[in-house]
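The next block holds one structure in the form of structure tokens; read it before the comments.
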Amino acid sequence: MKELSVMRHGVILLSALLFAINASAEGIGDDYIKNHNIGVVAQNDNPNLQGLNITTLMTDSGLIYADLDKGVFFTNVKPVNVEYGGMQLDISDKQFYADYINAVENKIVHKAPNERLVVQMFTDISCGWCAKVHQNLDSYTRQGITLEFILFPRNGLNTEVARQMATIAASDSPIDLLQAAFNGSYIPATQLNHTLIEHYNAGVGIGVTGTPAMFVNGYPIDGFLPADKIVASFGHEVVVSE
């Protein structure tokens with residue numbers, strides 16, 4: 001595999017969708033990527049897994065774990081811990097996830113005054129479980145949790161909900177309009193915009209398929225989790241911010 005030089009043991013940001021660094025699928029040296037029209041958004045070579053030659057690819061078709069030299073690909077799988085050399089190795093590389101999510105621009109922030117944790121959450125105004133978070137924001141801020149919302153219309157961009165969320169993304173006060181939507185206010189639809197598309201593509205790239213999808217310092221949480229359980233599980237974590 002041809003070695004890429006950008007951030008050797010961290011995140012390699014590739015062109016399109018989210019990031020300004022230009023590179024091409026040719027740079028990762030595998031015909032599979034090009035032949036299947038997969039646009040790579042970010043690539044990570046986890047230093048813990050160098051002996052296994054497993055790399056993580058965030059793509060516009062979701063997460064792929066691969067040995068690019070041997071042409072072995074794992075798709076549609078959840079990150080897991082594996083045993084290797086007597087050690088537990090995490091192939092998802094949470095710092096990679098954290099760096100990726102922190103790079104998403106124009107997140108909609110509800111900041112806790114006594115911030116202890118930052119939680120990023122992919123949200124959809126038509127999602128009932130998301131509503132449980134949005135309608136109880138005070139319970140999160142009281143626990144010192146800052147919430148950074150990323151708009152993710154779970155049924156895709158070609159929907160009325162996506163166009164309503166585009167209106168929220170374009171607002172001068174998106175957090176107020178987002179909260180209004182979850183409190184029952186009608187949000188008029190508008191044309192899709194750069195922020196909404198980038199937010200959606202960010203979710204696809206990191207493997208989000210439904211909402212709410214929360215991340216704490218790169219640790220993925222599938223589904224709804226109340227504030228007290230987040231603090232109990234992650235209160236020891238150091239806040240990772242942009």
Side-chain angles (χ1 to χ4, degrees), residues 13 15-21 41-42 60 97-206 208 210-217 221 224-227 230 239-242:
L13 303 181
S15 64
L17 307 183
L18 291 176
F19 306 108
I21 297 175
V41 178
D60 56 9
Y97 274 46
D99 291 345
Y100 177 90
I101 296 176
N102 285 335
V104 178
E105 296 180 346
N106 299 314
K107 292 188 284 289
I108 301 174
V109 179
H110 185 74
K111 189 171 179 61
N114 58 332
E115 183 178 291
R116 297 172 60 191
L117 284 172
V118 176
V119 175
Q120 289 94 10
M121 175 176 146
F122 289 85
T123 191
D124 180 334
I125 61 172
S126 67
C127 165
W129 286 104
C130 296
K132 289 178 69 68
V133 175
H134 287 271
Q135 292 169 356
N136 293 280
L137 283 187
D138 287 347
S139 68
Y140 291 85
T141 55
R142 282 197 302 270
Q143 296 276 0
I145 298 172
T146 288
L147 286 162
E148 297 181 342
F149 295 110
I150 304 171
L151 301 174
F152 188 80
R154 56 204 164 126
N155 292 318
L157 293 175
N158 190 28
T159 60
E160 181 75 4
V161 168
R163 290 185 286 272
Q164 289 176 296
M165 293 171 76
T167 300
I168 294 170
S171 170
D172 291 335
S173 183
I175 186 62
D176 291 338
L177 201 58
L178 183 62
Q179 289 303 108
F182 280 105
N183 288 323
S185 296
Y186 174 73
I187 307 298
T190 190
Q191 292 184 342
L192 300 183
N193 51 50
H194 180 73
T195 294
L196 190 279
I197 293 171
E198 282 202 340
H199 281 201
Y200 177 78
N201 286 333
V204 172
I206 205 169
V208 174
T211 54
M214 295 180 174
F215 291 82
V216 183
N217 289 347
I221 303 169
F224 170 76
L225 199 64
I230 291 176
V239 171
V240 173
S241 58
E242 294 184 46

To the nearest 0.5 Å, how far apart are [atom1] in [X] and [atom2] in [Y]?
X: Asn217; Y: Asn102; atom1: CG; atom2: CG; answer: 8.5 Å
X: Leu192; Y: Tyr200; atom1: CG; atom2: OH; answer: 11.0 Å
X: Ile108; Y: Met121; atom1: CD1; atom2: CE; answer: 11.0 Å
X: Asn114; Y: Thr141; atom1: CG; atom2: OG1; answer: 8.0 Å
X: Leu151; Y: Asn106; atom1: CG; atom2: CG; answer: 10.0 Å
X: Thr123; Y: Ile168; atom1: OG1; atom2: CD1; answer: 9.0 Å

Are [X] and [Y] close enough that some pair of their side-chain heavy atoms sits under 4.5 Å apart?
X: Val104; Y: Glu198; answer: no
X: Ser139; Y: Pro226; answer: no
X: Val161; Y: Ile125; answer: yes

For this session: Give a yes or no answer on whether the side chain of Gln164 reaches the backbone of Ile187 with a donor-acceptor pair at less than 3.5 Å.
Result: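 Side chain of Gln164 to backbone of Ile187, a donor-acceptor pair under 3.5 Å: yes, one is there.
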Problem set entry | Over 12 non-hydrogen atoms of neighbours within 6.0 angstrom of CG in Asn158 |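 No.
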If every non-hydrogen atom of [X] is compared with every non-hydrogen atom of [Y], which pair is closest and at what distance?
X: Lys107; Y: Ile101; value: NZ-O, 3.2 Å
X: Ala169; Y: Asn193; value: CB-OD1, 3.8 Å
X: Val204; Y: Phe152; value: N-CE1, 3.8 Å
X: Gln143; Y: Ala227; value: CG-CB, 3.8 Å
X: Gly156; Y: Ala162; value: O-CB, 3.5 Å
X: Ser171; Y: Leu177; value: CB-CD2, 3.9 Å

Exercise. Should the pair His134 and Phe182 be assigned to parallel (<30°), tilted (30 to 60°) or perpendicular (>60°) ring geometry?
Worked result: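 Parallel, since the angle between the ring planes stays under 30°.
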Exercise. Pairs in or reaching into residues 162-183: which pass salt bridge (Lys or Arg N to Asp or Glu O under 4.0 Å), with residues at least two apart or in two chains?
Worked result: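 Qualifying pairs: Glu160-Arg163.
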For this session: Answer with yes or no after comparing the ring centroid distance for His110 and Tyr140 against a 6.0 Å cut-off, counting only values under it.
Result: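 No, the ring centres sit 6.0 Å or more apart.
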For this session: Apply side-chain hydrogen bond (donor to acceptor under 3.5 Å, both in side chains) to Arg154 and list each qualifying residue two or more places apart in sequence or on a separate chain.
Result: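 Listed in chain order: Asp124, Ser126.
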For this session: Please say which of Val119, Leu137, Val216 ends up in a side-chain contact (heavy atoms from CB on, under 4.5 Å) with Ile145.
Result: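 The passing option is Val119.
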Exercise. What do the steps show when you test Val109 against Thr146 for side chain to side chain contact (heavy atoms under 4.5 Å, CB included), and what is the final call?
Worked result: CA-CA 7 Å; Val109 179; Thr146 288; 4.0 Å; yes
